[in-house]
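Everything below concerns the one structure shown next.
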Amino acid sequence: MARNDETVTPDDSDDVPTQRRDPSPRTAEYPEIESGPADDKGKGWSPRIGDRVDPRERPEPIVVPVKAGGGAMRGLFWLVATIGLIVALVLGAKTIGLFPDLKNPFAKEQTDRSGPALLKSVQDLSQYVAAEGNFEVIVDVQKDRKYIPDFLVNERILFVAAGSVEVYVDFAGIGQGAVKESDDRRTVEITLPAPQLRPVRINNDRSYVYQEDRGLFNRLADAFKSDPNRLQEVYKLAEEKIGAAAKEAGLGKRAEENTRKMLQQFLGALGYTSVTVNFPAS
């Protein structure tokens, strides 16, 4: 039986020995990549150089869940922005007169439950207001306790009071014989009572509390019991000070001069050529 194998004998004339060539030579620059065993999902498998790779056989990607945060804050932001936009649109429409009858639903309301004023009496006046003085005074009142610090027990108030005082002449006080007229009705002499001061009138629109200091115990007492007449004493002091200032202001003399001028003009229009008005010596 013949053998297929042939023995290669070296040629005596060739000095270089004959070598068997490896069908898959290896290089040092690109070492061979060994692929590991692959499971049913393709994990642990790496392709060789030159292998055909099917994309469907690639390992499945790892999905990492990411928790979205700030959802409540974003919702609150959009809610506030929406409300602000609605308010801006409503105010803009009201400004341009698109909704003239639209009213603010949160507007402050005031209810007056006072009863009607009752007429108590009627008094006939025969008084001529000859002058008026306007005054302003600062009332500084303090109430404290001896040997006790002011931050515990103290009541101090600075009140700016504005008031007026009228000076009048009461013609009803003219007695018999107070008017002397000449026979030709050209000259007349009148004796009038002295001018009087009316009570002080505090102007509430111009009066105000500038500063008020109260101790700790005073504030605690106010929390349990309120005093609606707490400023009444301050008003009385303001009236007294303004009244005293009116007496020293010389309003009586001013009232006498104004009354004398008024009667001279009035009686002069009636035909009197000489009008004399006398007041009691002050």
Side-chain angles (χ1 to χ4, degrees), residues 110 112 114-141 157-211 228-282:
Q110 180 177 352
D112 187 4
S114 305
L118 301 178
L119 178 61
K120 302 293 292 184
S121 62
V122 176
Q123 182 179 359
D124 295 332
L125 298 178
S126 57
Q127 301 172 353
Y128 170 69
V129 178
E132 181 182 12
N134 298 315
F135 301 88
E136 185 173 300
V137 62
I138 299 178
V139 181
D140 186 355
V141 180
I157 184 170
L158 292 176
F159 181 68
V160 179
S164 60
V165 178
E166 293 180 347
V167 186
Y168 67 94
V169 177
D170 191 2
F171 288 98
I174 299 177
Q176 187 176 3
V179 179
K180 296 179 180 181
E181 184 181 14
S182 62
D183 297 336
D184 57 359
R185 301 178 64 87
R186 294 294 183 180
T187 303
V188 64
E189 182 179 356
I190 305 175
T191 302
L192 298 178
Q196 301 180 28
L197 298 177
R198 282 184 176 176
V200 179
R201 294 186 306 174
I202 298 297
N203 190 340
N204 294 325
D205 295 335
R206 297 174 51 196
S207 303
Y208 58 93
V209 176
Y210 179 77
Q211 183 179 353
N229 299 322
R230 185 163 50 91
L231 295 178
Q232 186 175 3
E233 182 180 358
V234 180
Y235 271 84
K236 289 182 178 180
L237 288 176
E239 292 175 354
E240 293 177 0
K241 292 181 179 296
I242 292 177
K247 293 179 181 179
E248 298 177 359
L251 294 178
K253 293 296 182 180
R254 185 69 173 267
E256 290 179 1
E257 296 176 1
N258 295 337
T259 304
R260 186 176 290 110
K261 291 179 181 180
M262 184 271 298
L263 291 177
Q264 288 175 353
Q265 293 176 0
F266 177 73
L267 296 177
L270 296 179
Y272 291 94
T273 58
S274 177
V275 179
T276 304
V277 179
N278 300 321
F279 290 93
S282 56

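Predicted, not measured: the structure shown is a model, and the values here were computed from it.
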**Message:** For R260 and F279: C-alpha separation, side-chain torsions, deciding distance, then whether side chain to side chain contact (heavy atoms under 4.5 Å, CB included) applies.
**Reply:** CA-CA 9 Å; R260 186 176 290 110; F279 290 93; 3.5 Å; yes

**Item:** Intermediate values then yes/no, side chain to side chain contact (heavy atoms under 4.5 Å, CB included), I157 and L231
**Value:** CA-CA 9 Å; I157 184 170; L231 295 178; 3.3 Å; yes

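Q265 contributes atom CD, which lies 8.5 Å from atom NZ of K261 (distance to the nearest 0.5 angstrom). Rounding to the nearest 0.5 Å places NZ of K241 at 6.5 Å from CG of L237. Note that the CD atom of E132 and the CG atom of L251 stand 9.5 Å from one another [nearest 0.5 Å]. Expressed to the nearest 0.5 Å, how far NZ of K253 lies from CD of E256 amounts to 5.0 Å. To the nearest 0.5 Å, atom CG of residue L197 and atom OH of residue Y168 are 8.5 Å apart.
Between I202 and S207, the shortest heavy-atom distance links the atoms CG2-OG, 3.5 Å. Across all non-hydrogen atoms, the minimal contact from V167 to A255 is CG1-CB, 3.4 Å. Taking every heavy atom of both residues into account, A161 and F159 meet most closely at CB-CE2, 3.5 Å. Taking every heavy atom of both residues into account, P193 and P280 meet most closely at C-CD, 3.9 Å. Minimum interatomic distance between F171 and Y128 (heavy atoms only, all atoms of both residues): CE1-CB, 3.2 Å. Residues D170 and S126 approach most closely at OD1-OG, 3.3 Å, considering heavy atoms.
The closest side-chain donor-acceptor pair between E189 and N278 falls under 3.5 angstrom.
Looking at heavy atoms from C-beta onward, L267 lies in side-chain contact with I190 at the 4.5 angstrom threshold. Side-chain contact between L192 and L263 is present, with heavy atoms from C-beta onward closer than 4.5 Å. Put simply, the side chain of R185 reaches to within 4.5 Å of the side chain of Y272, judged on heavy atoms.
The pair R198-E166 counts as a salt bridge, with a side-chain nitrogen and a carboxylate oxygen less than 4.0 angstrom apart.
For CD of E136, the number of neighbouring non-hydrogen atoms (other residues, nucleotides, ligands) closer than 6.0 Å is greater than 12.
In this structure a side-chain-to-backbone donor-acceptor pair under 3.5 Å is present from R186 to G271. The main-chain N or O of A130 is never found under 3.5 Å from a side-chain atom of T259 such that the two would form a donor-acceptor pair.
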